[in-house]
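Note sheet for the following structure.
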Amino acid sequence: MKVPLLDLKAHHEPIQEEIFEVFKNVFRTQYFILGPEVKDLEEKIASYCQTDFAIGVSSGTDALLIALMALDIGPGDEVITTPYTFFATAGVIARVGALPVFVDIDPVSFNIAPEKIEAAITPKTKAIIPVDLYGQVADMAPIMAIAEKHHLKVIEDAAQAIGAEGQNGKRAGSFGDLGCFSFFPSKNLGAMGDGGIVTTNDPALADKVLKMRVHGGHPKYYHKLIGGNFRLDSIQAGVVGVKLKYLDGWTANRQQNAKFYTELFQKSGLIEKGVVSLPEAVYADSGAAHYHVYNQFVLRVKDRDALRAYLAKEEIGSEVYYPVPVHLQECFDDLGYKEGDCPEGERAAKETLALPIYPELTDEMQNWVVDAIQSFYESR
Ligand SMILES: *Cc1c(COP(=O)(O)O)cnc(C)c1O
């Protein structure tokens with residue numbers, strides 16, 4: 001049986017008529033960029049993410065970039081982040097001319113370890129960018145406390161975690177000064193192209209992001225600020241707006257799939273054998289309404305690369321997020337990091353494997369995937 005890592009065709013077919021209506025509408029109005037669909041989406045996302053404002057932008061990467069620009073972070077500044085994330089998180093720090101400072105992860109949640117942050121703070125530190133990796137909110141309560149104590153800004157990279165909840169049931173993107181989301185098609189709420197959104201509760205920051213999205217022109221052609229072209233398409237906003245209605249249902253399917261994998265792996269004997277370890281929901285305090293949205297279901301496994309090759313041969317999709325931790329990427333050689341500087345991030349890069357978890361995945365497919373993994377280890 002073929003089990004792809006993601007099946008967007010199966011995901012979109014049931015709602016195709018509604019999506020075609022979006023295309024038709026925008027065709028009728030010819031209002032292609034920042035049309036009424038964008039404003040409508042911004043209102044819906046602000047409400048969904050429990051923030052006062054949301055500003056649609058061109059991608060998740062641009063959401064992070066405009067957030068740093070709106071906070072005036074640039075040359076001479078340091079920004080603390082995790083070494084175990086998609087490259088964009090750190091790339092944007094370098095792009096504004098600031099210095100990325102990497103703080104190792106917690107080995108259970110894969111998110112930045114709050115207890116390691118303070119040692120990395122210097123007089124130049126301006127901000128922290130925690131990432132809600134795989135759909136699990138970073139340990140935001142201690143991170144916000146550290147930020148407050150040291151007068152630092154917090155930009156949440158919530159690209160993988162829309163709808164996820166952290167301490168006190170607060171949603172991803174509502175803890176920090178700014179929250180950044182991506183509508184890349186493989187995210188839990190994807191567009192049919194690129195798109196992203198910035199959330200905030202700060203009216204002054206919301207206003208600045210809104211202006212910077214159109215090169216800082218306000219009124220048009222009068223510039224007190226330098227921004228960029230960070231505009232969102234009407235078609236993308238319309239598609240995301242339609243899909244948002246279904247997001248909670250899809251999230252519930254992802255969580256159900258995670259639960260079923262957990263049962264299957266527990267029965268498989270692979271955990272006792274010590275060859276597979278499952279992702280764990282992490283609670284910073286016992287009262288937290290913890291809520292993982294499983295953008296990815298990521299295991300630690302023995303002989304990861306051989307297992308991945310075996311699964312590929314069996315036509316089962318899997319992926320390594322991410323094979324090289326960011327502090328060891330070649331483009332950051334001049335930062336002077338070396339192997340051993342973030343040991344948990346480095347170990348995760350060697351041991352983790354993402355399995356298919358998308359909402360349309362069937363029980364039969366999940367059985368097939370776990371059986372294949374079992375056969376692999378039995379044959380060793
Ligand atoms: C996807 C992603 C981004 C970038 O989003 P794009 O829309 O692809 O630019 C940034 N950070 C993380 C953690 C992501 O997963």
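Whatever order the structure lists them in is the order used to number ligands and atoms, beginning at 1. What you see is a predicted model, and the numbers here were worked out from it, not measured in a lab.
The side-chain hydrogen bond (donor to acceptor under 3.5 Å, both in side chains) search around K245 returns E18, not counting sequence neighbours.
Within 6.0 Å of atom NZ in K126, more than 12 heavy atoms from other residues, nucleotides or ligands are found, so the atom counts as buried in its surroundings.
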Distances for all N or O pairs of ligand 1 and the protein under 3.5 Å?
from, atom 1, to, atom 2, distance (Å)
ligand 1, 5 (O), S182, OG, 3.3
ligand 1, 7 (O), G60, N, 2.8
ligand 1, 7 (O), S182, OG, 2.6
ligand 1, 9 (O), G60, N, 3.4
ligand 1, 9 (O), T61, N, 2.8
ligand 1, 9 (O), T61, OG1, 2.5
ligand 1, 11 (N), D157, OD1, 3.3
ligand 1, 11 (N), D157, OD2, 2.7
ligand 1, 15 (O), Q160, NE2, 2.8
ligand 1, 15 (O), K187, NZ, 2.6

List the atom pairs, with distances to 0.1 Å, where a side-chain N or O of residues 43-50 and a protein N or O form a donor-acceptor pair under 3.5 Å, not counting sequence neighbours.
from, atom 1, to, atom 2, distance (Å)
K44, NZ, D40, OD2, 3.0
Y48, OH, D248, OD1, 2.5
Q50, OE1, R171, N, 3.1

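Grouped by direct or indirect side-chain proximity (heavy atoms under 4.5 Å, Ile/Leu/Val/Met/Phe/Trp/Tyr only), V298 sits with L5, Y84, F86, I105, F110, V131, L133, Y134, Y321, Y322.
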**Asked** Can you check side-chain contact (heavy atoms from CB on, under 4.5 Å) on L328 and E339, steps first, answer last?
**Response** CA-CA 7 Å; L328 299 180; E339 190 100 33; 4.0 Å; yes
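Looking at N257, I357, L361 one by one, the single match for side chain to side chain contact (heavy atoms under 4.5 Å, CB included) with F297 turns out to be I357.
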